[in-house]
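Remarks on the structure that follows.
As the structure is a computational prediction, the values presented were derived from the model and not from experiment.
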Amino acid sequence: MTERISNTANSYMGGAKQTIGETIGNSNLAASGAQQKAQADAAQKAADAKTNAEGVGHKVQGTVQQNVGSLTGNTSMQARGHANEARGDLERKV
């Protein structure tokens, strides 16, 4: 979550620097701002992809735990499976 906040802040700051640079005719400031924004946006997309992949992993793990728990009569494992599946769903939505 901290990474998401940092990327968002850097994206907004970069956009602001770019706009100010363009407004006052300072091409170095505008370019620096555009670069900062692009880097932050790319970092956010990478973080989102990582979170989505972790969510898929938790969902699969949960499904396996539920099935094994059901086959063995282990209700505790089934419950863990439901929890991991829900965790995976949440991670994929974030």
Side-chain angles (χ1 to χ4, degrees):
M1 187 57 105
T2 304
E3 195 174 358
R4 181 180 220 83
I5 293 168
S6 175
N7 291 333
T8 300
N10 277 322
S11 179
Y12 282 122
M13 288 188 321
K17 282 170 51 176
Q18 181 180 3
T19 300
I20 291 168
E22 290 169 352
T23 301
I24 64 173
N26 185 332
S27 60
N28 288 335
L29 183 62
S32 171
Q35 179 183 8
Q36 182 178 355
K37 183 177 183 337
Q39 286 175 339
D41 291 346
Q44 186 57 47
K45 285 182 182 175
D48 288 345
K50 178 184 173 198
T51 300
N52 187 49
E54 290 171 348
V56 169
H58 286 123
K59 178 134 177 115
V60 169
Q61 179 185 23
T63 301
V64 170
Q65 286 173 321
Q66 286 180 57
N67 290 334
V68 171
S70 178
L71 290 171
T72 61
N74 186 336
T75 56
S76 176
M77 183 177 280
Q78 282 180 294
R80 283 195 308 274
H82 283 291
N84 276 326
E85 196 171 38
R87 177 181 178 187
D89 287 340
L90 285 173
E91 287 172 331
R92 291 172 55 212
K93 291 180 183 178
V94 172

Problem set entry | Under the side-chain hydrogen bond (donor to acceptor under 3.5 Å, both in side chains) test, residues paired with Q78 that sit two or more places apart | none
For this session: Run through the side-chain heavy atoms of Ile, Leu, Val, Met, Phe, Trp and Tyr, join any pair under 4.5 Å, and report what else lands in M13's cluster.
Result: none
Exercise. Do any N or O atoms from the side chain of S6 and from the backbone of T2 form a donor-acceptor pair under 3.5 angstrom?
Worked result: no
Exercise. R87 pairs by side chain to side chain contact (heavy atoms under 4.5 Å, CB included) with which of Q61, H58, H82?
Worked result: H58
Problem set entry | Pairs satisfying salt bridge (charged side-chain N to carboxylate O under 4.0 Å, His left out), at least one member in residues 60-71, at least two apart | none
Problem set entry | Euclidean distance, Q39 CD relative to S11 OG, rounded to 0.5 Å | 11.5 Å
Exercise. Out of curiosity, Q44 CD to E3 CD, how far, rounded to the nearest 0.5 Å?
Worked result: 7.0 Å
For this session: Return each pair, listed once, that meets salt bridge (charged side-chain N to carboxylate O under 4.0 Å, His left out) where at least one residue sits in residues 56-69; pairs must be two or more places apart or across chains.
Result: K59-E85, K59-D89
For this session: Give every residue pair that meets the salt bridge (charged side-chain N to carboxylate O under 4.0 Å, His left out) criterion with at least one member in residues 12-37, sequence neighbours excluded.
Result: K37-D41
Exercise. Where is the tightest heavy-atom contact between Q65 and N84, given as atom of each residue plus distance?
Worked result: OE1-ND2, 2.7 Å
Seminar exercise, completed: Rounded to the nearest 0.5 angstrom, the CD-CD distance for E91 and E54 is 6.0 Å
Exercise. Going from CG on L29 to OG1 on T19, what distance comes out if it is rounded to the nearest 0.5 angstrom?
Worked result: 9.5 Å
Seminar exercise, completed: dist N52:CG -> K93:NZ (nearest 0.5 Å) comes out at 12.5 Å
Exercise. In the hydrophobic clustering (ILVMFWY, side-chain contacts below 4.5 Å, transitive), which residues join Y12, or is it alone?
Worked result: none
Seminar exercise, completed: Between A40 and N7, the two heavy atoms sitting closest are CB-O, 3.4 Å
For this session: Say whether, by atom type as modelled, one donor and one acceptor occur between the side chain of T8 and the main chain of R4 under 3.5 angstrom.
Result: yes
